Amino acid sequence: ASLERLVLAYGRERLGLADAAAGNVWQALRADKATGAWLETLETWLHRPAPVPPAEADLRALLERITATPAA
């Protein structure tokens, strides 16, 4: 839940949606070319976990994609 709140705050700042409802921010993040792919991966890991957790290298790659996403 804490991670999701951080992503939501990031989305509000990145997309200029400071006063938008959470659902609208999530929708905008999913639709955005820069954030949609890594958000889908993150949501899959959090809400539809595989029997084996993601490898450390996969987690590092995801974090690099998130931090490399340019601001709008």
Side-chain angles (χ1 to χ4, degrees):
S2 295
L3 178 58
E4 288 177 332
R5 284 191 296 273
L6 288 170
V7 172
L8 185 62
Y10 167 82
R12 283 190 165 123
E13 181 179 327
R14 182 185 183 290
L15 301 173
L17 299 172
D19 297 323
N24 293 339
V25 177
W26 287 118
Q27 184 177 21
L29 282 168
R30 286 184 193 100
D32 186 75
K33 283 178 122 178
T35 58
W38 63 253
L39 183 58
E40 183 178 341
T41 299
L42 180 64
E43 288 178 324
T44 298
W45 286 345
L46 293 175
H47 299 295
R48 294 179 295 282
V52 177
E56 182 179 340
D58 292 335
L59 291 172
R60 288 186 186 280
L62 176 66
L63 291 174
E64 287 174 9
R65 287 179 16 215
I66 292 169
T67 58
T69 302

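Since we're looking at a predicted model, the values are computed, not measured.
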What heavy-atom pair brings Val25 and Gly11 nearest, and what distance separates the two atoms? CG1-C, 3.9 Å
In Å and rounded to the nearest 0.5 Å, what is the [atom1] to [atom2] distance from [X] to [Y]?
{"X": "Thr35", "Y": "Tyr10", "atom1": "OG1", "atom2": "OH", "value": "6.5 Å"}
{"X": "Trp26", "Y": "Arg12", "atom1": "CH2", "atom2": "CZ", "value": "9.5 Å"}
{"X": "Leu42", "Y": "His47", "atom1": "CG", "atom2": "NE2", "value": "7.5 Å"}
{"X": "Leu46", "Y": "Thr41", "atom1": "CG", "atom2": "OG1", "value": "10.5 Å"}
{"X": "Gln27", "Y": "Leu15", "atom1": "CD", "atom2": "CG", "value": "11.5 Å"}

N/O donor to acceptor pairs below 3.5 angstrom from side-chain atoms of residues 52-60, sequence neighbours left out:
residue	atom	partner	partner atom	Å
Glu56	OE2	Arg60	NE	2.9
Glu56	OE2	Arg60	NH2	2.7

Give a yes or no on this: more than 12 heavy atoms of other residues, nucleotides or ligands lie within 6.0 Å of atom CD of Glu4.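 Enclosed.
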Please say which of Thr44, Val7, Asp32 ends up in a side-chain contact (heavy atoms from CB on, under 4.5 Å) with Leu39. Val7
Answer yes if Leu3 and Trp38 sit in the same cluster of Ile, Leu, Val, Met, Phe, Trp and Tyr residues linked by side chain heavy atoms under 4.5 Å apart, and no otherwise. yes
Using the test side chain to side chain donor-acceptor pair (under 3.5 Å), find all partners of Glu43 that sit at least two apart in sequence or belong to another chain.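 Counting only residues at least two positions away or on another chain, Glu43 forms a side chain to side chain donor-acceptor pair (under 3.5 Å) with Arg30.
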